[in-house]
Each structure stands twice: as structure tokens, then as C-alpha cells.
Amino acid sequence: IPPEEVSYNHTARVCRIGPDNKLYITLGQPYNVPAKGKLDLYNKVGMSGIVRMDRDGKNREVFARGVRNSVGMDFNPKDGTLWFTDNQVDGMGDDIPAGELNRADKPGMQFGFPWYGGGKTRTTEYKDAEVPAGVTFPQVEMVAHAADLGMTFYSGKMFPAKYQGGIFS
């Protein structure tokens, strides 16, 4: 994170080693909704996204963009896809926007922030701005303002079969 962009809000939160033996790190958004002048820098360094790199820190790349504040991620043990929560924009209303549970099955995906504040709810700041092509919407929309702080796939055998392989948030 560039020093001038360091914030107490939504900084790097979660790290996981993926099935590809790379380190994945979420880089949160220092603003509720960033100014348009910040987007080029944030896209370049992976803020409001997820970066990945070799375990020794080499070969860093931006894996996903348009992720406001992910505080939970895990890899599906069945297919290796990355799933992650995303806490969404404040100040839009009591019941909007939705929190998110997302699925990334390849690098380079765009998940819609800051054009969308959560789910398919457009932000006021970007309501008239052109949305990037190919935005991926959440697999599951969560309750607004619940701030889902974690998620994991259950890989144990102690719970009934219907919970095995399921996501716990």
C-alpha cells in the first residue's frame, strides 16, 4: 500500500495460501467510496482488491478488483476456487446495500466496487459513471450492514452430511 494511502480503515486483512501455493492478500479500501482520481492508483497496486504472489513475495499481481473490504476468504477444497466476503458501502440506507459472498474462479475478475455499493445497488458517487465490462455480481447477497467478518469451508466429518463442504460465515 503506498504510504500516502495507508489508513486505519479497511487495510490488508486476510491472507491465505491457495491451492497454487501462492499467497493471497485482501487490500481494503481506505474510503467509504473513493474519489475517481484514486482509481488508477488503486487498480495498479490492487487496493480494493485481492493480490497474489509467490510465498517469497515475488511475482506480485492483482488477482481481483472491485472488492471494497474483504475480511473473509477461503478456497473451495472441491474445485480450488476462491470465495470471499465483501463488506459494503455505509450511509446508503438501513437495508441497503447488501453484503456479499463472492466466487473468483480466475484472475482478473472485477466485482463492481465503487460503481456498486453492494450487490446491484449503484453508489451515489458513481451512479452516472460507466461500469467496467464484465462485472461479476455476488453468488449470495447477505444482510445489509452485517459486516460478515469471516468465512470458511467446512471440511470435517463431525457435522451431518448436509453441512459437509458447506460455507460457514
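Note that the coordinates shown come from a computational prediction; the quantities given were computed from them, not determined experimentally.
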Original post:
side-chain contact (heavy atoms from CB on, under 4.5 Å) between I25 and I50: does it pass, once the steps are laid out?
Top reply: CA-CA 6 Å; I25 305 169; I50 299 171; over 6 Å; no
**OP:** Please step through side-chain contact (heavy atoms from CB on, under 4.5 Å) for the pair T26 and M73, ending with a clear verdict.
**Re:** CA-CA 9 Å; T26 63; M73 70 174 166; 3.9 Å; yes
If you measure from [atom1] on [X] to [atom2] on [Y], what distance do you get to the nearest 0.5 Å?
X	Y	atom1	atom2	value
N87	L149	CG	CG	6.0 Å
N43	Q110	CG	CD	7.0 Å
Q88	E141	CD	CD	9.5 Å
E125	W115	CD	CH2	13.0 Å
L39	F113	CG	CZ	8.5 Å
T85	R68	OG1	CZ	12.0 Å

Original post:
Please walk me through it: do N21 and R55 pass side-chain hydrogen bond (donor to acceptor under 3.5 Å, both in side chains)?
Top reply: CA-CA 7 Å; N21 202 33; R55 291 175 77 160; 2.8 Å; yes
Original post:
salt bridge (charged side-chain N to carboxylate O under 4.0 Å, His left out) with D128: which residues, sequence neighbours excluded?
Top reply: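 With sequence neighbours excluded, D128 shows a salt bridge (charged side-chain N to carboxylate O under 4.0 Å, His left out) to no residue whatsoever.
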**OP:** Any ring pair (Phe, Tyr, Trp, His ring centres under 6.0 Å) involving residues 129-149? Give me the pairs, sequence neighbours left out, ordered by first then second residue.
**Re:**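 Sorted result for residues 129-149: Y116-F137.
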Original post:
Among pairs that include at least one residue of residues 56-75, which meet ring pair (Phe, Tyr, Trp, His ring centres under 6.0 Å), considering only residues two or more places apart or in two chains?
Top reply: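 Ring pair (Phe, Tyr, Trp, His ring centres under 6.0 Å) check on residues 56-75 returns Y24-F63, Y24-F75.
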Under 3.5 Å, is there a donor-acceptor pair between the side chain of [X] and the main chain of [Y]?
X	Y	answer
R60	M53	no
E100	D86	no
R122	A129	yes
N32	D90	yes

Shared hydrophobic cluster for [X] and [Y] (ILVMFWY, side-chain gaps under 4.5 Å):
X	Y	answer
I167	F84	no
L82	V14	yes
V67	M142	no
L27	V45	yes
L23	V51	yes

**OP:** Could you list the residues that satisfy side-chain hydrogen bond (donor to acceptor under 3.5 Å, both in side chains) with D54, not counting sequence neighbours?
**Re:**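 Counting only residues at least two positions away or on another chain, D54 forms a side-chain hydrogen bond (donor to acceptor under 3.5 Å, both in side chains) with K22, N59.
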Please tabulate, for side-chain N and O atoms in residues 151-160, each donor-acceptor pair with protein atoms closer than 3.5 Å (sequence neighbours left out).
from, atom 1, to, atom 2, distance (Å)
T152, OG1, D74, OD2, 2.9
Y154, OH, K157, N, 3.4
Y154, OH, M158, N, 3.0
Y154, OH, F159, N, 3.1

For a quick test of reading the model, state the closest non-hydrogen atom pair linking [X] to [Y] and the distance between them.
X	Y	result
K58	D56	N-OD1, 3.0 Å
A144	I96	CB-N, 3.8 Å
M109	R103	CE-O, 3.8 Å
P114	P34	CB-CD, 3.8 Å
G117	P97	O-CG, 3.3 Å

Original post:
Considering only heavy atoms from C-beta outward, does the side chain of Y42 approach that of R65 to under 4.5 Å?
Top reply: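 Side-chain contact under 4.5 Å: no.
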Subject >> Minimum side-chain heavy-atom gap L101-P138 below 4.5 Å >> reply: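 No - every pair of side-chain heavy atoms lies 4.5 Å or more apart.
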Original post:
In terms of heavy-atom contacts, does CG of D95 have more than 12 from other residues, nucleotides or ligands at under 6.0 Å?
Top reply: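 No - once you tally the heavy atoms of other residues, nucleotides and ligands closer than 6.0 Å, there are 12 at most.
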**OP:** Could you note down all residue pairs passing salt bridge (charged side-chain N to carboxylate O under 4.0 Å, His left out) where residues 38-48 supplies at least one of them, sequence neighbours left out?
**Re:**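 Found E5-K38.
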